Amino acid sequence: MSTIDWNDLKFSYFQTKCYVQYTFKDGQWSACEYVEEPYIKMHVAATCLHYGQSAFEGLKAYRGEDGEVRVFRPEENAKRLQKSAKRLCMEPVPTEIFLDAVDKVLQSNIDFLPPYGYGASMYMRPLLIGSGPRIGVQPAEEYTFIMLVVPVGSYYKGGLQSVPALVMEDYDRAAPMGIGHVKAAGNYAAAMLPGIMASEQGYPINLYLDAKEHKYIDEFGTSNFIGIKGNTYVTPSSSSVLPSITNMSLMTLAEEMGMAVEKRDVNFDEITDFDGIAACGTAVVVTPISHIDKLGKSYKPAQEGIHPRFQELYERMQKIQLGQYQDQYNWCRIVSS
C-alpha cells in the first residue's frame, strides 16, 4: 500500500483488508472464513459478553532484509491460547488451525506488512470468544476464533529508552490461585484503572507485587519483570504471572550469551541490588526501567543508564526476527507471500 507512511505507524488499530475467522459448532471447527468488515455478529446472550469467556494472544510478523516473512514463535502462542481456553472452559484451538490462521491472514493482508528497514512490523491478534448463548453460568457450546492484523511502528525511535515505574500498593493484578497465569481478557479490564492512575502520575508502566504479602515481585501491568545481577538473568517464578514467550526466549538467549538464568521468588527489596531491571513483552521486547517508586520512595538499580546486557539481548532478538542472525532454535515460521 503506497499510501501508508511506514515511518508514522503507531501501536493502534489500523484497518486492513480482512481478518480470518473459524467457528466451533456441533463438535467441530469450520473452515477458514475471510471477513472484510471490521465487525462481529453474535448472539446477544453470547458467553463472552456475559461471563467473560474471552482469551487472546499477541505476536508479530516481520519482513526480513532477505524479503522473507517471519512470524516469531507462533506455536508457543497456540499452546498458551490452548491453556487459557482450558482454564476458561472454552474449546481449545488446535495448533494446526492456529497456524493456518497465521498464514492466511498474513497472505491476505500482505500489502499492509511494513517493508524491511522501517523498524515496523505486523502485530497479530488471535482472539477466542464464547459466541454461543447462555443465560445460566455455563460454558458456551459454540466458539469463534479470530485472527486480525495491524501494522505497527517501532516502539523505540532511536534506540532503547528507560522509563520509570510505580508500584500499585492498593491493587493486585491476580489472586494467588486465580487466573493470572492465562491470557484472559478480563485480566486486562481489571488492570485498566490502576494503569490509568499510574499514567496520570507520569508513570508509563506499573508494577504489581504478590497479592498475598505484597513482598515479592509479580509482574508489570502488561509485561514480565527481568533483572540483571552480575552475570545472572533473574525473573520471578510466581504462579500468578503470565508466562511470557518473549521472556522465555530471552532466557534462552541469555544462556547462549554465557549468563546464568534464575527463575525464583524476587523480593522487592532486591531492586537496588540489581545492576539493571527491565520489563519484557511482545510489543517492545525489552523496556529498561530507570527506577521504581513505592510509597513515595524511589528504588534504583545499581548501575545508571541502560544495562549493556539488555541492549545485547534486544538486538539479538531483533536480528533473529529479521533473519539477520542464525535461527538455531527454529523460532521463526516462514510464511510465503
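Just so we're clear, the structure is a prediction, and the values are computed from it rather than from any experiment.
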**Prompt:** With a 3.5 Å cut-off and no angle check, do the side chains of Arg134 and Tyr51 form a donor-acceptor pair?
**Reply:** no
**Prompt:** Quick check, are the ring centers of Tyr123 and Phe11 under 6.0 angstrom apart?
**Reply:** yes
**Request:** Taking the six-membered ring for Trp and the full ring for Phe, Tyr or His, determine whether the centres of Tyr19 and Tyr34 are under 6.0 Å apart.
**Result:** no
**Prompt:** Quick check: are there more than 12 heavy atoms from other residues, nucleotides or ligands sitting under 6.0 Å from CG of Asp66?
**Reply:** yes
**Message:** Looking at Glu57 and Arg125, is any side-chain nitrogen of the basic one under 4.0 Å from a carboxylate oxygen of the acidic one?
**Reply:** no
**Prompt:** Would you say Lys300's side chain and Ser298's backbone share a donor-acceptor pair under 3.5 angstrom?
**Reply:** no
**Approximate separation, where rounding is to 0.5 Å, of Ser238 OG and Glu219 CD** = 8.0 Å
**Prompt:** Under a 4.5 Å cut-off applied to non-hydrogen side-chain atoms, are Ile226 and Phe310 in contact?
**Reply:** yes
**Request:** Measure from NZ or CZ of Lys229 to the centre of the six-membered ring of Phe274 and say whether it is under 6.0 Å with the direction within 45° of the ring axis.
**Result:** yes
**Prompt:** Do the side chains of Gln21 and Thr144 get nearer than 4.5 Å, heavy atoms only?
**Reply:** yes
**Asked** Is there a donor-acceptor pair closer than 3.5 Å between any side-chain N or O of Ser290 and the backbone N or O of Ser162?
**Response** no
**Message:** With a 6.0 Å cut-off (strictly less than), is the heavy-atom count around CD of Glu37, excluding the residue itself, greater than 12?
**Reply:** no
**Prompt:** Do Tyr233 and Asn247 pass the side chain to side chain donor-acceptor pair (under 3.5 Å) test, and can you show the C-alpha distance, the side-chain angles, and the key distance before you say yes or no?
**Reply:** CA-CA 11 Å; Tyr233 179 113; Asn247 195 3; 2.6 Å; yes
**Asked** Step by step, would you call Asp275 with Arg309 a salt bridge (Lys or Arg N to Asp or Glu O under 4.0 Å)?
**Response** CA-CA 10 Å; Asp275 298 320; Arg309 285 298 199 184; over 6 Å; no
**Message:** If we ignore hydrogens and angles and just use 3.5 Å, is the side chain of Ser84 paired with the main-chain N or O of Lys183 as donor and acceptor?
**Reply:** yes
**Request:** Test side-chain contact (heavy atoms from CB on, under 4.5 Å) on Phe268 and Leu207 and set out the steps.
**Result:** CA-CA 10 Å; Phe268 180 78; Leu207 179 69; 4.0 Å; yes
**Item:** Spatial distance of atom OG (Ser108) from atom CD (Glu36) [nearest 0.5 Å]
**Value:** 9.0 Å
**Prompt:** In terms of heavy-atom contacts, does CD of Gln328 have more than 12 from other residues, nucleotides or ligands at under 6.0 Å?
**Reply:** yes
**Item:** Asn109 (side chain) donor-acceptor with Cys18 (main chain) under 3.5 angstrom
**Value:** yes
**Prompt:** Which atom names give the shortest non-hydrogen contact between Ala61 and Val71, and what distance separates them?
**Reply:** CB-CG2, 3.9 Å
**Asked** Relative to the ring of Phe145, is the ring of Trp29 parallel (under 30°), tilted (30 to 60°) or perpendicular (over 60°)?
**Response** perpendicular
**Prompt:** How many angstroms lie between atom NZ of Lys86 and atom CG of Leu81, to the nearest 0.5 angstrom?
**Reply:** 11.0 Å
**Ion pair check, Glu312 and Arg316, cut-off under 4.0 Å** = yes
**Message:** Run the side chain to side chain donor-acceptor pair (under 3.5 Å) test on Ser131 and Glu142 for me, step by step, so that the C-alpha distance in whole Å, both residues' side-chain angles and the decisive distance to 0.1 Å come before the verdict.
**Reply:** CA-CA 6 Å; Ser131 49; Glu142 176 187 304; 3.1 Å; yes
**Request:** For atom NZ of Lys319, decide whether the heavy atoms of other residues, nucleotides or ligands shown that lie under 6.0 angstrom number more than 12.
**Result:** no
**Asked** Are any of the side-chain nitrogens in Glu270 or Arg264 under 4.0 Å away from the carboxylate oxygens of its partner?
**Response** yes
**Message:** Using every non-hydrogen atom in the two residues, find where Arg73 and Ser249 come nearest and quote the distance to one decimal.
**Reply:** NH1-OG, 2.9 Å
**Fill in**
On a heavy-atom basis, the closest approach of Asp210 and Lys215 is OD1-N, 2.7 Å
**Request:** For Thr282 and Gly58, work out which heavy atoms get closest and say how close.
**Result:** OG1-O, 3.5 Å
**Request:** Find the distance between CD (Glu96) and CG (Leu99) and round it off to the nearest 0.5 Å.
**Result:** 8.0 Å
**Item:** Sole residue of Lys60, Gln321, Arg70, Arg63 in side-chain contact (heavy atoms from CB on, under 4.5 Å) with Ser121
**Value:** Lys60
**Asked** After noting the C-alpha distance and the side-chain angles of Glu75 and Lys79, does the key distance pass the salt bridge (Lys or Arg N to Asp or Glu O under 4.0 Å) rule?
**Response** CA-CA 6 Å; Glu75 294 88 353; Lys79 291 178 187 177; over 6 Å; no
**Asked** Between Tyr299 and Asp293, is a side chain to side chain donor-acceptor pair (under 3.5 Å) present by the stated rule, with each step listed?
**Response** CA-CA 6 Å; Tyr299 298 78; Asp293 291 347; over 6 Å; no
**Asked** What is the ring orientation for Tyr143 with Phe24, classed by angle as parallel under 30°, tilted 30 to 60°, or perpendicular over 60°?
**Response** tilted
**Asked** Given the side-chain rings of Tyr116 and Tyr62, with only the six-membered ring counted for Trp, is the space between their centroids under 6.0 Å?
**Response** no
**Asked** Is there side-chain contact between Trp6 and Pro115, with heavy atoms separated by less than 4.5 Å?
**Response** yes
**Request:** Give a yes or no answer on whether the side chain of Thr232 reaches the backbone of Ile228 with a donor-acceptor pair at less than 3.5 Å.
**Result:** no
**Message:** For Ser240 and Arg173, which I'm curious about, is there any donor-acceptor pair between the side chains at under 3.5 Å?
**Reply:** no
**Prompt:** Around Glu141, counting heavy atoms of other residues, nucleotides and ligands shown, do more than 12 lie under 6.0 Å from its CD?
**Reply:** no
**Fill in**
Distance col, row Ile179:CD1 vs Leu88:CG, nearest 0.5 angstrom, shows 5.5 Å
**Message:** Apply side chain to side chain donor-acceptor pair (under 3.5 Å) to residues Asp100 and Tyr22 and explain how you reach the verdict.
**Reply:** CA-CA 10 Å; Asp100 184 63; Tyr22 304 73; 2.7 Å; yes
**Gln318 versus Glu315, side-chain donor and acceptor atoms under 3.5 Å** = no
**Request:** Please name the pair of heavy atoms, one in Ala211 and one in Ala175, separated by the smallest distance, quoted to 0.1 Å.
**Result:** CB-CA, 4.4 Å
**Message:** Return the CG to CG distance between Asp172 and Leu209, rounded to the nearest 0.5 Å.
**Reply:** 8.5 Å
**Message:** Restricting to non-hydrogen atoms, name the atom on Trp331 and the atom on Asp327 that form the minimum distance, rounded to 0.1 Å.
**Reply:** N-OD1, 2.9 Å
